[in-house]
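The structure appears right after this line, and notes come after that.
If you read the sequence from its start, that first residue is 1, and numbering goes on from there.
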Amino acid sequence: RQVMMLILAVAFLPLASVIAIPADPHWFLQKVDHFSSEDASFKQRYYMDETNFKGPGSPFFLIMGGEGGIAPETGIYYPPIVELAKVHGALVLELE
């Protein structure tokens with residue numbers, strides 16, 4: 001049943017381009033090169049939806065945003081993943 005729900009969610013991902021969940025942006029320092037001895041870094045922006053998160057032991061879903069920016073008014077760009085988070089008590093993170 002869980003696999004079927006995931007397949008259905010992925011099938012509807014194109015709909016996310018017209019629907020989004022606004023979210024507050026967060027940042028952390030990301031290394032430019034994880035294999036270099038240099039300390040060059042940049043501020044990596046991400047969005048988080050912890051509305052349905054049930055705490056330690058619960059899953060988290062990571063959405064890789066790709067190479068472009070994600071505006072705060074767009075926030076979580078894949079609402080079907082948030083729907084899956086409701087079912088599984090998951091935390092949703094989306095990297096920019």
Side-chain angles (χ1 to χ4, degrees):
R1 183 168 187 246
Q2 291 176 353
V3 172
M4 179 57 79
M5 289 177 1
L6 182 58
I7 291 169
L8 288 173
V10 171
F12 289 105
L13 286 179
L15 295 177
S17 64
V18 294
I19 303 170
I21 300 170
D24 293 329
H26 302 275
W27 291 268
F28 67 93
L29 281 181
Q30 176 72 275
K31 288 188 74 161
V32 172
D33 183 349
H34 293 278
F35 301 103
S36 173
S37 60
E38 295 182 26
D39 287 332
S41 62
F42 66 97
K43 286 176 70 175
Q44 172 82 57
R45 184 162 55 176
Y46 69 97
Y47 297 93
M48 178 171 51
D49 180 3
E50 54 189 340
T51 306
N52 303 294
F53 187 50
K54 293 185 179 175
S58 298
F60 67 90
F61 299 151
L62 177 61
I63 302 167
M64 303 298 287
E67 306 245 347
I70 302 168
E73 58 272 11
T74 301
I76 305 294
Y77 200 61
Y78 296 99
I81 299 300
V82 175
E83 291 301 313
L84 280 175
K86 289 178 186 177
V87 173
H88 297 284
L91 174 72
V92 178
L93 298 169
E94 181 173 18
L95 288 174
E96 188 172 61

Subject >> Nearest non-hydrogen partners of Phe61 and Ala90, listed with the distance >> reply: CE1-CB, 3.7 Å
Original post:
What pair of heavy atoms forms the shortest contact from Ser58 to Gly89, and how long is it?
Top reply: CB-O, 3.3 Å
Subject >> Where Val92 and Ala85 come nearest, the two heavy atoms and their spacing >> reply: CG2-CB, 3.5 Å
Subject >> Rounded distance (nearest 0.5 Å) linking atom CG of Leu95 with atom NE2 of His26 >> reply: 12.0 Å
Original post:
Heavy-atom distance under 4.5 Å between the side chains of Ile76 and Ile63, does that happen here?
Top reply: yes
Subject >> Rounded distance (nearest 0.5 Å) linking atom CG of Asn52 with atom NE2 of His88 >> reply: 11.5 Å
Subject >> Contacts of Lys31 that satisfy side-chain hydrogen bond (donor to acceptor under 3.5 Å, both in side chains) - sequence neighbours left out >> reply: none
Original post:
Using 30° and 60° as the class limits, which term best fits the ring planes of Tyr46 and Phe28: parallel, tilted or perpendicular?
Top reply: tilted
Original post:
Is Gln44 reaching over with its side chain to a backbone N or O of Glu96, donor-acceptor style, under 3.5 angstrom?
Top reply: yes
Subject >> Distance, nearest 0.5 Å, that separates CE of Met64 from CD of Glu94 >> reply: 10.5 Å
Original post:
In Å and rounded to the nearest 0.5 Å, what is the CD1 to CG distance from Ile81 to Leu93?
Top reply: 12.5 Å
Original post:
Does Leu62 share a hydrophobic cluster with Leu91, counting links as ILVMFWY side-chain heavy atoms below 4.5 Å and allowing steps through other members?
Top reply: yes
Original post:
With sequence neighbours excluded, what pairs up with Ser37 under the side chain to side chain contact (heavy atoms under 4.5 Å, CB included) test?
Top reply: none
Subject >> Asp33, CG: over 12 other non-hydrogen atoms inside 6.0 angstrom >> reply: yes
